[in-house]
Chemist: 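Have a look at this one.
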4 protein chains.
Amino acid sequence: MPKQTFFNLSEEKREKILNTAIDEFAKYYYHKASITRIVNNTGIAKGSFYQYFEDKKDLFKYVIERIGRRKIEYLYPVIKDFDKYDFFDLVRMLYVQGAKFAVENPRFQKIGDYFVKDTDTKLKEEILGENIPKSNEIFIQLIKKGIEKGDINPNIDINLTATIITSLSIEIGEYFVKEMKVKDNTEIMPLIDKMLYILKNGIKNRREDV
Amino acid sequence: MPKQTFFNLSEEKREKILNTAIDEFAKYYYHKASITRIVNNTGIAKGSFYQYFEDKKDLFKYVIERIGRRKIEYLYPVIKDFDKYDFFDLVRMLYVQGAKFAVENPRFQKIGDYFVKDTDTKLKEEILGENIPKSNEIFIQLIKKGIEKGDINPNIDINLTATIITSLSIEIGEYFVKEMKVKDNTEIMPLIDKMLYILKNGIKNRREDV
Amino acid sequence: MPKQTFFNLSEEKREKILNTAIDEFAKYYYHKASITRIVNNTGIAKGSFYQYFEDKKDLFKYVIERIGRRKIEYLYPVIKDFDKYDFFDLVRMLYVQGAKFAVENPRFQKIGDYFVKDTDTKLKEEILGENIPKSNEIFIQLIKKGIEKGDINPNIDINLTATIITSLSIEIGEYFVKEMKVKDNTEIMPLIDKMLYILKNGIKNRREDV
Amino acid sequence: MPKQTFFNLSEEKREKILNTAIDEFAKYYYHKASITRIVNNTGIAKGSFYQYFEDKKDLFKYVIERIGRRKIEYLYPVIKDFDKYDFFDLVRMLYVQGAKFAVENPRFQKIGDYFVKDTDTKLKEEILGENIPKSNEIFIQLIKKGIEKGDINPNIDINLTATIITSLSIEIGEYFVKEMKVKDNTEIMPLIDKMLYILKNGIKNRREDV
DNA sequence: AATGAATGAGGGTTCATTCAT
DNA sequence: CATGAATGAACCCTCATTCAT
């Protein structure tokens, strides 16, 4: 947690610092990100930084938390009413919201990407506390529900399926970070729908589909 | 590319250096890997290193290339006769070979893993040159063939499908990096088969499957 | 000297500040003691501190002076009537009072200890002014008196003896800083008496003592 | 221990570095001593320092060890034949050698002084390993021997006496660090003899001495 | 008188790379 | 071709002190 000092700053200044930090972490992963650079780009003194934050990790933790909260703002509306929808509709909505998040917060998407991929597990633990959130978990729940309702083939391996679905969602995010040209949702939907189609039906040619 | 001096070395020495470097890159990701450590563990002089290699990146590039070549050795036998097999059999064989590669060359798998995950795109470009090898490419070819033969649903998006298949193959590799206990292939097959089942049929519940 | 502003404060506040400072200097020696910590533990603003005191040294100087004054309060009753007593009784009483001071003001004892041991002579001079108080002085006077009275061997070196007596008194103080378990004086007396015995008679084996 | 690199340096350079380091540690105690200053005064690059030594502590440890070895060179000749001499002769010889060490190696004396007085016990442990050498120990042995031989009053407290003797020896060292004017031993002997006289006989006036 | 944010020099340490031999 | 000492910019972090309000 940032120190009280940080929260006492003018919102303008606070945002400036945060903004610069986000820039930095979106450009370099944790270990390469430089406090010196952040401080210079913000125009504050080195010492000031340490009046605001415990240390580099403290800042990073704060940024990650912010990203998490922001992401949840996107996903919550969907998850909230999860039992109202059919499984595949739900997954689609989650993908759509995820893609929206990525498009609208590309720097956050980037940072999250770095972080998810980072192999420094000790860092991860320190940042996230014990509750390293398995985004798997939520999908596992949804899948079980889907099987109960008869939407999903009960013979599939639940964990594996959850892993695949997570993997695909990451794929979507990455796709949109790379292709930044996307401005509106028009291009997102088709991709997602195609993905879901495959997830649903597989890619095997079926005579009965003809 | 290593300098000529490197290739003038005795094979023994060359291998020793390489082996140490591989150890290092398997233990630390690129930016954390230390030339000093490599040099110490190899027993050569610091200066010598820079007579063999342009710089750290040069060494890394060379290691990555080697890994690529080795991986191809595993996959080539399958690809070579790609038109003899059914699409899904082919993919399975590729997955199996990929898993075999991971199990038999855990350090390579680890390095590849780090590298795939690394988000320093500038580094990646420099390492791979322009030919960032889309392992996608090969799958795209296979998919097209599969559609021609009538194995695959012609309505699916080819690029997307290739991406998914690649993604799943990475998933397999990761799985085995984590669970290093695997000694033989006995446990690999079920996982791969489940994956392929989903890829083939999707996860939707079908009355006709009952 | 603290600034006037300091003395304008309510006694309560003044004591609080002082108390916290004493805690700090009893825990860390001068250079390691932290103004920030003092300020935080006191609950006053950083800026306020510098309105009360010139700087860190100023505060420390004040604390040291206070300790000196307090110590004199312990010793004065003995010194006051110094001509009433035999030399060795006097020294014993001074040692006893010194030990009492140490036991009853452990933080002061600790600070004094740090300070005596500190080898930063420049600091010491600045703190103590020119009058680096030779606690020697008082013993020199007492010794002279003792010689006059015929209590003390007139052939001994007065300065040296004073130094030794001082050194022993410090030894006593240190002893009690280490062994803080001492609650009452019961354990102090034997040590002091043994010390005095040696001071008086030396450690040589004497036939006439047998 | 310094790294091999250090020992590979020309003796000239090695001595220069060491000399500068000794200057620094004789001027500032451990925590205040500055690597930057050492490096600047030596004229070597910051990075070079860390080629030679693990870290600041490593350098300090080395210096302390050197001092210890040097001191032993002074004391060993005396200790070696400790059973040939009378107790007080022995102590005198140790004091003389100690004073000689102080006079001839004033910077070492200073550093040792700082170190002995330093209150950072964790540092001390790290520097000295577990064997924090109680210089007491040797005196305790000597005293016991002295009692056996009938030189020393068997009623005195052995530990206390050892402490006093140690304390006096430190006093001697300090005395000579302060009064650097001493060039030869002529002034040392009288002081030491006076000290021993007091230690032997105490300061009480005795009729039988008259 | 009170505040607390701002400062910046300095701390120890790392490491890829260069260079003289 | 081998060597390994030399380099120095950059790293994160600390802290007494100042200054604007």
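We name chains A, B, ... by the order of the sequence lines, and we start the count at 1 in each one.
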Chemist: Measure from NZ or CZ of D:Lys56 to the centre of the six-membered ring of D:Tyr30, then state whether that distance is under 6.0 Å and the direction lies within 45° of the axis.
Modeler: yes
Chemist: Quick one: C:Asn40 CG to F:dA16 P, roughly how many Å, whole number?
Modeler: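 After rounding, the gap between these two atoms is 11 Å.
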Chemist: Are there more than 12 heavy atoms of other residues, nucleotides or ligands under 6.0 Å from atom NZ of D:Lys3?
Modeler: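 Yes, the 6.0 Å shell around NZ holds more than 12 heavy atoms from other groups.
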Chemist: Looking at F:dT18, I'd like to know if its phosphate oxygens (OP1 or OP2) sit under 4.0 Å from a side-chain N or O belonging to C:Tyr50.
Modeler: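 No, C:Tyr50 has no side-chain N/O under 4.0 Å of OP1/OP2 on F:dT18.
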Chemist: Just the rounded figure in Å: distance from C1' of F:dC19 to CD1 of A:Ile44.
Modeler: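 Nearest whole value for this atom pair: 17 Å.
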Chemist: Report yes or no: is the cationic atom of C:Arg107 (NZ for Lys, CZ for Arg) under 6.0 Å from the centre of the six-membered ring of C:Phe25, at an angle within 45° of the ring normal?
Modeler: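 No - C:Arg107 does not lie over the ring of C:Phe25 by the 6.0 Å and 45° rule.
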Chemist: Any side-chain N or O of D:Asn8 below 4.0 angstrom from OP1/OP2 of F:dG4?
Modeler: no
Chemist: Checking D:Glu24 side chain against D:Ser34 main chain: does a donor-acceptor pair fall under 3.5 Å?
Modeler: yes
Chemist: To the nearest angstrom, how far is A:Phe49 atom CZ from E:dG8 atom P?
Modeler: 17 Å
Chemist: Would you sketch DNA chain F in dot-bracket for me? Only Watson-Crick or G-U wobble pairs with both distances under 3.5 Å count, crossing pairs as [ ], other-strand pairs as |, the rest as dots.
Modeler: .||||||||||||||||||||
Chemist: Step through the shown structure and confirm whether more than 12 heavy atoms of other residues, nucleotides or ligands are within 6.0 Å of CD on A:Gln4.
Modeler: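 Buried by this count: over 12 neighbours within 6.0 Å.
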Chemist: Could you state the atom-to-atom distance from CD1 of A:Ile38 to P of F:dA10 in whole Å?
Modeler: 16 Å
Chemist: Respond yes when some side-chain nitrogen or oxygen of A:Thr5 is under 4.0 Å from OP1 or OP2 of E:dA5, and no when none is.
Modeler: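 Yes, such a contact exists.
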Chemist: Check for me whether the distance between the ring centres of D:Phe108 and D:Phe115 falls short of 6.0 Å.
Modeler: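 Distance test on ring centres: not under 6.0 Å, no.
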Chemist: Quick check for you: among F:dC12, E:dA5, F:dC15, whose closest atom lies nearest to any side-chain atom of A:Leu9?
Modeler: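 Minimum distance to the A:Leu9 side chain belongs to E:dA5.
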Chemist: Test side chain to side chain donor-acceptor pair (under 3.5 Å) on C:Asn8 and C:Arg14; report intermediate values, then the result.
Modeler: CA-CA 9 Å; C:Asn8 294 344; C:Arg14 232 160 47 220; over 6 Å; no
Chemist: What's the spacing between D:Gln109 CD and D:Ile67 CD1 if we round to 0.5 Å?
Modeler: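 Answer for the CD-CD1 pair, D:Gln109 versus D:Ile67, is 9.5 Å.
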Chemist: Which whole-number value in Å describes the distance from D:Gln4 CD to F:dT3 C1'?
Modeler: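 Result: 14 Å.
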Chemist: Indicate yes or no for a side-chain donor-acceptor contact from D:Thr5 to the backbone of D:Gln51 under 3.5 Å, with no hydrogens or angles considered.
Modeler: yes
Chemist: Is it true that B:Phe60 and B:Tyr114 have ring centroids separated by less than 6.0 Å?
Modeler: no
Chemist: May I ask you to list the residues of residues 23-35 of chain B, by number, that have any heavy atom positioned under 4.0 Å from an atom of DNA chain E?
Modeler: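 Of all residues in residues 23-35 of chain B, the ones placing a heavy atom under 4.0 Å from DNA chain E are B:Ala33, B:Ser34, B:Ile35.
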Chemist: Could you check how far NZ of A:Lys3 sits from C1' of E:dA5, rounded to whole Å?
Modeler: 12 Å
Chemist: Check every atom of F:dT18, F:dA5, F:dC13 against the side chain of B:Lys46 and return the nucleotide holding the closest atom.
Modeler: F:dA5
Chemist: What parts of residues 51-66 of chain B reach DNA chain E, counting only heavy atoms under 4.0 Å away?
Modeler: B:Asp55, B:Lys56
Chemist: If I compare all heavy atoms of B:Ile35 with all of B:Phe49, which pair ends up nearest, and what's the gap?
Modeler: CD1-CZ, 3.5 Å
Chemist: Under a 4.0 Å N-O cut-off, is there an ion pair linking C:Arg66 with C:Glu15?
Modeler: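 Salt bridge: yes.
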Chemist: Would you kindly compare A:Gly47 and B:Ser48 by the position of their nearest DNA chain F nucleotide and give the one closer to the 5′ end?
Modeler: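 Looking at the nearest nucleotide for each, B:Ser48 comes out on the 5' side.
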Chemist: Indicate whether OP1 or OP2 belonging to F:dC11 is found under 4.0 Å from a side-chain N or O atom of A:Thr36.
Modeler: yes
